[in-house]
Peer 1: 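Can you read through this structure? Questions will come right after.
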Amino acid sequence: MASNQSKLTFDYVVVGTGPAGAVIAKTLTDDKKTSVLVIEAGENNDRDKPIRDSRFAPELEEEFFPQYFWQGEGVPQENVDDLTFEWTTGRLSGGGSSINGEQYVRPTPSVLRKWEKLLGSLWSPEEAIHSFNQLEDYHGKTKNPEIHGYNGRLNIRQAPSKPPSVTKKLVSAIENATGFPKILDYNDPRTPLGPFYRWQLYQKTNGERESASTAFLSSDIMTPDGIGVNGRKLRVFYKSTALRILFEGKKAVGIEFLKEGQKVQAFARKQVIISAGINSAQLLMLSGIGPSRDLKQAGIPIVFENPNVGQFLTNHTLNTATFSMNQEDLPEFQNDPFALYTGGAFLPSPLSRNKRLRGVQLIGIVAEGQLNIAILFLMPKSRGSIKIQNNDPLKIVLADEGFLENKDDLNAIKAIYRTYIKNIAEKLSKIDSTYQLINPTLETINDDEQLENFIKENFGHNHHQQSSLRMAPINMGGVVDRFGRVHGVNNLIVADAQTIPFTVDGNTSASAFLIGYTIAKEILKGNLD
């Protein structure tokens, strides 16, 4: 081991170039003294048109092209008619941020207060807003430096600048149906609820996708093949798949990875940082950290037994409602093809006692001459798990997302259709009679058995996986502490959405950026030495 260590040694070794990994690599190497190696299984595809051009985002989320995605499938979901869903994320520079739907949604203060209560002031709403403002280069209607940042690296575009008629009609219908007034900015902590014309998107002003790669691993940071520029001690190894974490006793010292068919070892003088998203739990288990029974069955030597690894996996649910629409509204909608969405809303769950909490996300989408509303339930009680199958790092794990395992989730979704969708349909048809609910029909919504069958048969997947490596004390289901340090071992950090301690009430990428940036700043302060 000593001979290899002299060949490939850095201060930090990071696995993954997604939102957390990329911002960590850039932030740590800003001083030009710190050396960082980042290991990325995919390639740098920032220049590919399907990745660069935001108009391809819907197609990417449906087709899962093998050159950009991990190829895997979860176990049949018992409570959703045994449907199986893809178990995948981006396998390229930028990770999931290079192939997602581009929605920028911060966790609300109500969620962050739960984080703060469990983990301390590091994760308070005030600290989070400060970090987001440092990250953002915001382009939108909001002109408040207390809410948004205008000098960061992460381009955020509020779009479209001029909402088309279909958006105005939908938002008016949601206002009338729910009683929540229209809001300008759902990321303003003072206005987390209500319908709105404009989504905030990870986009440059010209509509091109902004990803973790384009923002934090761009040409002023490194060359396209991963070599730091202007004296920056950064190296990114592409087409390199992490196999296991290397330990000396209980001290993480490096990563073994597969590069060009050969096993290679890279060593960290200070810390190993795992930011591999849905693959982070597998990497920990392959390396001997996890449930002892599963590790023994897989033939993996135990470094530290923690039954929480891979547990508490959470994902938001996804369903839809489809409407006919006025075909004369289509040309105007196409004026800003990069806008992607047709308005939306954040609303409380109809079954929640606290009507100030986000529980529902509605997304307007025009496709094939119809108006669709994507329905996300943001407060699921169901929990899934990630389980190791064997000691082969190239095998996909057994991912069971546990959709609708808790019956309260199904009841909540049914209530969304009956309380929100049904009333929105009524108000929308009064605004313009060509807008009529097609699927599900009102008859289906009013019949409990039919509605339940519709929800299960048309159940979707939105890739908001989180919390399989919770940030919490070990006796409270935790795998990492408030700094992302893995319980039971030394010099090992996990920083990505899998460490989210309490489910976020919106898309997960903003939270991943927050986690990566917060931990990077704590490393620079010396709090993790």
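Owing to the predicted nature of the structure, the values given are computational and were not obtained by experimental measurement.
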Peer 1: Any side-chain heavy atom of Leu184 within less than 4.5 Å of one from Thr191?
Peer 2: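 No, every pair of side-chain atoms sits at 4.5 Å or beyond.
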
Peer 1: Carefully, step by step, assess Gln498 and Ser468 under the rule side-chain hydrogen bond (donor to acceptor under 3.5 Å, both in side chains).
Peer 2: CA-CA 5 Å; Gln498 297 311 305; Ser468 67; 2.6 Å; yes

Peer 1: Does Glu443 offer a backbone N or O that forms a donor-acceptor pair with the side chain of Asp447 under 3.5 Å?
Peer 2: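 The answer is no, because no donor-acceptor pair under 3.5 Å joins these two groups.
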
Peer 1: How far apart are the C-alpha atoms of Thr214 and Asp46, what are their side-chain angles, what is the distance that settles it, and do they pass the side-chain hydrogen bond (donor to acceptor under 3.5 Å, both in side chains) test?
Peer 2: CA-CA 7 Å; Thr214 59; Asp46 288 350; 5.9 Å; no

Peer 1: Strictly below 4.0 Å, N to O, side chains only: are Asp400 and Arg383 in salt-bridge contact?
Peer 2: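 Answer for the salt bridge query: no.
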
Peer 1: Could you go through the side-chain hydrogen bond (donor to acceptor under 3.5 Å, both in side chains) check for Thr314 and Gln465 one step at a time?
Peer 2: CA-CA 6 Å; Thr314 309; Gln465 297 101 336; over 6 Å; no

Peer 1: Does the Tyr341 side chain pair with the main chain of Ala159, one donor and one acceptor, at a distance under 3.5 Å?
Peer 2: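 Checking the backbone N and O of Ala159 against the side chain of Tyr341, no donor-acceptor pair under 3.5 Å is found.
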
Peer 1: If you count the non-hydrogen atoms of other residues, nucleotides and ligands that lie under 6.0 Å from CD in Glu328, is the total more than 12?
Peer 2: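 No, not enclosed.
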
Peer 1: Backbone N or O of Gln203 within a donor-acceptor pair of the Arg157 side chain at under 3.5 Å?
Peer 2: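 Here the side-chain-to-backbone pair does not exist.
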
Peer 1: Find out whether Gln200 and His148 are in side-chain contact, i.e. whether some heavy atom of one side chain is under 4.5 Å from a heavy atom of the other.
Peer 2: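 Yes. Closest side-chain heavy atoms under 4.5 Å.
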
Peer 1: Counting only heavy atoms not in Gln327, do more than 12 sit closer than 6.0 Å to its CD atom?
Peer 2: yes

Peer 1: Answer yes if the ring centres of Tyr202 and Tyr104 are under 6.0 angstrom apart, and no otherwise.
Peer 2: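 They qualify: ring centres under 6.0 Å apart.
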
Peer 1: Is any NZ, NE, NH1 or NH2 atom of the basic residue among Arg190 and Asp185 found under 4.0 Å from an Asp or Glu carboxylate oxygen of the other?
Peer 2: no

Peer 1: Take Lys422 and Glu426 through the test salt bridge (charged side-chain N to carboxylate O under 4.0 Å, His left out) and record every step on the way to the result.
Peer 2: CA-CA 6 Å; Lys422 182 178 177 179; Glu426 178 187 351; over 6 Å; no

Peer 1: May I ask you to test the Asn315-Thr503 pair for a side-chain heavy-atom distance under 4.5 Å?
Peer 2: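 No, side chains not in contact.
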
Peer 1: Quick check against the 3.5 Å criterion: does Lys407 have a side-chain atom that pairs as donor or acceptor with the backbone of Leu404?
Peer 2: no

Peer 1: Evaluate the ring pair (Phe, Tyr, Trp, His ring centres under 6.0 Å) criterion for residues Phe513 and Phe132: first the C-alpha distance (whole Å), next the side-chain angles of each, then the deciding distance (0.1 Å), finally the verdict.
Peer 2: CA-CA 8 Å; Phe513 278 114; Phe132 281 126; 8.8 Å; no

Peer 1: Counting only heavy atoms not in Lys143, do more than 12 fall under 6.0 Å of its NZ?
Peer 2: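 Count over threshold, so yes.
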
Peer 1: Is there a donor-acceptor contact under 3.5 Å from the side chain of Thr508 to the main chain of Ala497?
Peer 2: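 Pair absent, no side-chain N/O of Thr508 close to backbone of Ala497.
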
Peer 1: For a 4.5 angstrom cut-off between non-hydrogen side-chain atoms, does Glu59 reach Pro50?
Peer 2: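 A side-chain contact under 4.5 Å is absent here.
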
Peer 1: Go through the side-chain N and O atoms of Gln361 and Gln103 and say whether any donor and acceptor fall under 3.5 Å apart.
Peer 2: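 Yes, a side-chain donor-acceptor pair sits under 3.5 Å.
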
Peer 1: Do the side chains of Arg198 and Asp336 get close enough for a salt bridge, i.e. N-O under 4.0 angstrom?
Peer 2: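 No.
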
Peer 1: Any chance the side chains of Asp48 and Tyr68 put a donor and an acceptor closer than 3.5 Å?
Peer 2: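 Tyr68 and Asp48 do have a side-chain donor-acceptor pair below 3.5 Å.
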
Peer 1: Heavy atoms, side chains only, cut-off 4.5 Å: are Asn462 and Thr317 in contact?
Peer 2: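 No. Closest side-chain heavy atoms not under 4.5 Å.
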
Peer 1: Using modelled atom types only, decide if a donor and an acceptor are shared between the side chain of Arg91 and the backbone of Gly42 within a distance under 3.5 Å.
Peer 2: no

Peer 1: Indicate yes or no for a side-chain donor-acceptor contact from Gln158 to the backbone of Lys141 under 3.5 Å, with no hydrogens or angles considered.
Peer 2: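 Yes, Gln158 side chain to Lys141 backbone: donor-acceptor pair under 3.5 Å.
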
Peer 1: Taking the side chain as C-beta and beyond, is there a heavy-atom pair between Arg113 and Pro125 under 4.5 Å?
Peer 2: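 Touching, per the 4.5 Å side-chain cut-off.
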
Peer 1: Is it the case that over 12 heavy atoms from other parts of the model lie below 6.0 angstrom from the NZ atom of Lys204?
Peer 2: yes

Peer 1: Find out whether Asn44 and Leu92 are in side-chain contact, i.e. whether some heavy atom of one side chain is under 4.5 Å from a heavy atom of the other.
Peer 2: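 In short, these two side chains do not touch, never coming nearer than 4.5 Å.
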
Peer 1: Side chains of Ser211 and Ser213: any donor to acceptor distance under 3.5 Å?
Peer 2: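 There is no such pair between these side chains.
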
Peer 1: Report the residue from Leu284, Ile515, Val15 that forms a side-chain contact (heavy atoms from CB on, under 4.5 Å) with Val494.
Peer 2: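 Per the side-chain contact (heavy atoms from CB on, under 4.5 Å) rule, the option paired with Val494 is Leu284, out of Leu284, Ile515, Val15.
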
Peer 1: Does the ring of Phe346 carry Arg358 above it, NZ/CZ under 6.0 angstrom from centre and within 45° of its axis?
Peer 2: yes

Peer 1: I would like to know whether Leu313 and Ser467 meet side-chain contact (heavy atoms from CB on, under 4.5 Å); could you show each step before the answer?
Peer 2: CA-CA 5 Å; Leu313 176 67; Ser467 303; over 6 Å; no

Peer 1: Starting from the C-alpha separation in whole Å, work towards a yes-or-no answer on salt bridge (charged side-chain N to carboxylate O under 4.0 Å, His left out) for Lys381 and Asp409.
Peer 2: CA-CA 6 Å; Lys381 294 181 179 178; Asp409 294 350; over 6 Å; no

Peer 1: Please step through salt bridge (charged side-chain N to carboxylate O under 4.0 Å, His left out) for the pair Glu136 and Arg106, ending with a clear verdict.
Peer 2: CA-CA 12 Å; Glu136 287 179 1; Arg106 300 176 180 179; 2.7 Å; yes

Peer 1: Between Ser280 and Asp496, does any side-chain donor sit less than 3.5 Å from a side-chain acceptor?
Peer 2: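 On atom types as modelled, these side chains qualify, holding a pair under 3.5 Å.
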
Peer 1: Checking side-chain contact (heavy atoms from CB on, under 4.5 Å) against Val366, which of Thr342, Asn372, Asp329 comes through?
Peer 2: Thr342

Peer 1: Are Asp432 and Thr434 linked by a side-chain donor-acceptor pair shorter than 3.5 Å?
Peer 2: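 Yes, a side-chain donor-acceptor pair sits under 3.5 Å.
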
Peer 1: Does a donor on one side chain and an acceptor on the other come within less than 3.5 Å for Glu405 and Asn79?
Peer 2: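 Glu405 vs Asn79: no donor-acceptor pair found between side chains.
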
Peer 1: Can you list the steps and then say if Glu40 with Thr17 is a side-chain hydrogen bond (donor to acceptor under 3.5 Å, both in side chains)?
Peer 2: CA-CA 6 Å; Glu40 168 56 51; Thr17 58; 2.6 Å; yes

Peer 1: How about CD on Gln334, more than 12 heavy atoms from neighbouring residues, nucleotides or ligands closer than 6.0 Å, or not?
Peer 2: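 Result for CD/Gln334: enclosed.
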
Peer 1: What's the verdict on ring pair (Phe, Tyr, Trp, His ring centres under 6.0 Å) for Tyr186 and Trp199, showing C-alpha distance, side-chain angles and the deciding distance?
Peer 2: CA-CA 8 Å; Tyr186 55 77; Trp199 283 93; 5.4 Å; yes

Peer 1: Does the side chain of His461 pick up a donor-acceptor pair with the side chain of Glu401 at under 3.5 Å?
Peer 2: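 Yes.
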
Peer 1: Could you tell me if Ser429 and Gln436 have a donor-acceptor pair between their side chains, going purely by distance under 3.5 Å?
Peer 2: no

Peer 1: Between CZ of Phe377 and NE2 of His316, what distance do you get to the nearest 0.5 Å?
Peer 2: 9.5 Å

Peer 1: Backbone N or O of Ile416 within a donor-acceptor pair of the Thr419 side chain at under 3.5 Å?
Peer 2: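 Not at all, since once roles are kept as given, no pair shorter than 3.5 Å links the two residues.
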
Peer 1: Is there a side-chain contact between Gln466 and Val504 in this structure, where contact means two heavy atoms from C-beta onward sitting under 4.5 Å apart?
Peer 2: yes

Peer 1: Taking the basic N atoms (NZ, or NE/NH1/NH2) and the acidic carboxylate oxygens, is any pair closer than 4.0 Å for Asp448 and Lys414?
Peer 2: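 Yes, this pair counts.
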
Peer 1: Within the side chain of Asp137, is there an N or O that forms a donor-acceptor pair under 3.5 Å with the backbone of Leu154?
Peer 2: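 Not confirmed, Asp137 side chain does not pair with Leu154 backbone.
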
Peer 1: Within a reach of under 6.0 Å around CD of Gln67, are more than 12 heavy atoms found that belong to other residues, nucleotides or ligands?
Peer 2: yes

Peer 1: Side chains of Thr444 and Thr441: donor-acceptor distance under 3.5 Å anywhere?
Peer 2: yes

Peer 1: Could you tell me if Arg470 sits above the aromatic ring of Phe502, with its cationic atom closer than 6.0 Å to the ring centre and no more than 45 degrees from the axis?
Peer 2: yes

Peer 1: Can Thr84 and Glu73 be counted as having a side-chain donor-acceptor contact under 3.5 angstrom?
Peer 2: yes

Peer 1: Where the side chain of Glu210 meets the backbone of Asn155, is there a donor-acceptor pair that is under 3.5 Å apart?
Peer 2: yes

